[in-house]
Amino acid sequence: MPELPEVETTRRGISPHCQQQTISDVIIRNHRLRWPIAGSLPGKLRTQRIQDVQRRAKYLLFVTDSGTLILHLGMSGSLRICNKNEPVKKHDHVDIVLSSNKVIRFNDPRRFGSLHWTRQAVTKHKLIHELGPEPLGEQFNAQYLYNISRRRKVAIKNLIMNSHVVVGVGNIYASESLYLAGIHPARAASRISLQRYEKLVTAIRNVLQAAIESGGSTLNDFTQPDGQPGYFQHHFRVYGKAGQACEHCQQTIAQITQGQRSTFFCKSCQR
DNA sequence: CAAAGGTCCTGCTCGC
DNA sequence: TGCGAGCAGGACCTTT
C-alpha cells in the first residue's frame with residue numbers, strides 16, 4: 001500500500017492532530033510486526049510531548065522532547081485518527097493515545113510494519129543512517145545517479161529501488177518513472193548515459209510530486225488519516241496494465257518479474 | 001498455487 | 001588468499 005506519496009499524505013493527515021499533544025499511553029495489541037515491538041516502548045513514550053511529525057524515506061518520525069518514534073507502514077500498514085473508545089478493527093495492532101483523547105491507530109494486515117524508539121539523533125539510527133538521498137531533494141540528481149551507476153550491471157529498475165541509492169521509489173513508481181523516461185527496466189545501470197539519467201531523475205521527481213499533490217495514489221484500502229475513505233485512483237500509465245495498449249504507441253504493455261517484483265513497461269517506447 | 005504497495009538479512013560471486 | 005562490494009534470493013505476513 002504505502003508508496004512514498006501515501007506516507008507523505010499520512011504524515012500531513014496526522015500532523016495537525018499531534019500539535020501540542022502529549023502521548024498519554026501506547027496500547028500494543030499485537031507486538032509481532034516485522035520486528036517485535038519492544039515491551040518498553042509504552043513506558044518510553046508515555047508523557048512525551050510530540051514536537052513534530054517528520055518523514056525520512058518511508059519512515060514516519062514522531063519527534064518528542066527526548067527521542068524519536070520511528071514508524072514504518074510496511075507493505076499494508078496505515079494510520080488513522082479515531083476516538084479512544086472507538087471499537088478496534090481487525091489488524092489494529094497499536095494505539096498511540098494522545099492527550100486530546102484522540103488516538104493514532106496503526107492497522108497492518110501483513111505486519112511488515114515496524115515501530116522503534118531511539119533516544120539518539122535519528123540520523124544515527126541503524127534503519128536510517130545508511131539511506132540514500134530523498135528523491136525530491138537536491139542531492140538526488142542525474143550526475144549522482146550516473147556516478148553511482150558506473151560499473152554496476154544491476155537492472156536500472158533494481159538500482160532505483162535500492163534504498164542505499166535513493167529512497168522512496170517503490171514498485172509502482174519505479175515502473176512509471178522508467179516508462180516516462182523511455183528506459184527499459186532491465187537495462188544495465190552502467191549502460192545509461194548522463195542525458196538519459198537526466199530524464200529519469202525528472203520523471204521520478206515529477207511522478208512522486210504529482211502523486212503527493214493529489215493526496216497519494218492507492219490500489220486498495222488506503223484510508224485517509226481522518227478516517228475518510230479518501231481514495232485517489234491515480235492514473236497509471238503502465239503499472240498493472242499488462243496486455244493493454246501503450247497510450248503513446250499502442251504496443252501491448254508487457255509484464256516481467258525483476259527481483260521477485262512485477263515490472264510493467266512498453267517494449268517499443270522503452271529501450 | 002499466485003500475487004500484492006517494503007526492505008532487511010544472508011550468502012554467493014567477482015575483481016582487485 | 002583475503003576482502004569488500006555488488007547482487008540475487010529468502011524471509012517476514014495476510015488477504016484476495
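Per chain, numbering begins at 1; letters A, B, ... match sequence-line order.
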J.: Only one of A:T22, A:D25, A:V26 clears side-chain contact (heavy atoms from CB on, under 4.5 Å) with A:V97; which?
T.: A:D25
J.: Answer yes or no: is there an ion pair linking A:K84 with A:D95, defined by an N-O contact shorter than 4.0 Å?
T.: no
J.: Can I get a per-line list of side-chain donor-acceptor pairs under 3.5 Å for residues 34-42 of chain A, giving both atom names and the distance, sequence neighbours left out?
T.:
none

J.: Using a 3.5 Å cut-off on both pairing distances, which stems of three or more Watson-Crick or G-U pairs include DNA chain B?
T.: B:2-4 with C:14-16, B:6-16 with C:2-12
J.: Check whether the side chains of A:K90 and A:N107 place a donor and an acceptor atom closer than 3.5 Å, and report yes or no.
T.: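 No, because no side-chain N or O of A:K90 sits under 3.5 Å from a partner of the opposite role on A:N107.
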J.: Distance between the C1' atoms of B:dC8 and C:dT15, in whole angstroms?
T.: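 Comparing C1' positions in B:dC8 and C:dT15 gives a spacing of 23 Å.
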J.: Got a list of protein N/O to nucleotides 13-16 of chain C N/O distances below 3.5 Å?
T.:
from	atom 1	to	atom 2	distance (Å)
C:dC13	OP1	A:R32	NH2	3.0
C:dC13	O3'	A:R111	NH2	2.8
C:dC13	O2	A:R110	NE	3.0
C:dT14	OP1	A:R111	NH2	2.9
C:dT14	O4'	A:P109	O	3.2
C:dT14	O3'	A:H91	NE2	3.4
C:dT15	OP1	A:K90	NZ	3.0
C:dT15	OP1	A:H91	NE2	2.6

J.: Quick one: which residue pairs count as a ring pair (Phe, Tyr, Trp, His ring centres under 6.0 Å) with a foot in residues 249-271 of chain A, not counting sequence neighbours?
T.: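 Ring pair (Phe, Tyr, Trp, His ring centres under 6.0 Å) check on residues 249-271 of chain A returns A:H184-A:F265, A:Y239-A:F264.
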J.: Please state the P separation for the pair C:dG9 and B:dA2 - nearest whole angstrom.
T.: 16 Å
J.: I'd like to know if the side chain of A:Q48 pairs up with that of A:D65 as donor and acceptor (distance under 3.5 Å, no hydrogens or angles considered).
T.: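 No, A:D65 and A:Q48 have no side-chain donor paired with an acceptor closer than 3.5 Å.
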J.: Would you mind building the protein contact string for nucleotides 7-16 of chain B? One character per nucleotide, 5' to 3', B for base within reach (heavy atoms under 4.0 Å), S for sugar-phosphate only, - for untouched.
T.: BBS-------
J.: OP1, OP2 of C:dA8 versus side-chain N and O of A:Q260: anything below 4.0 Å?
T.: no
J.: Test: ring pair (Phe, Tyr, Trp, His ring centres under 6.0 Å). Region: residues 56-75 of chain A. Which pairs qualify, not counting sequence neighbours?
T.: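 Of all non-adjacent pairs touching residues 56-75 of chain A, those that pass ring pair (Phe, Tyr, Trp, His ring centres under 6.0 Å) are A:Y59-A:H72.
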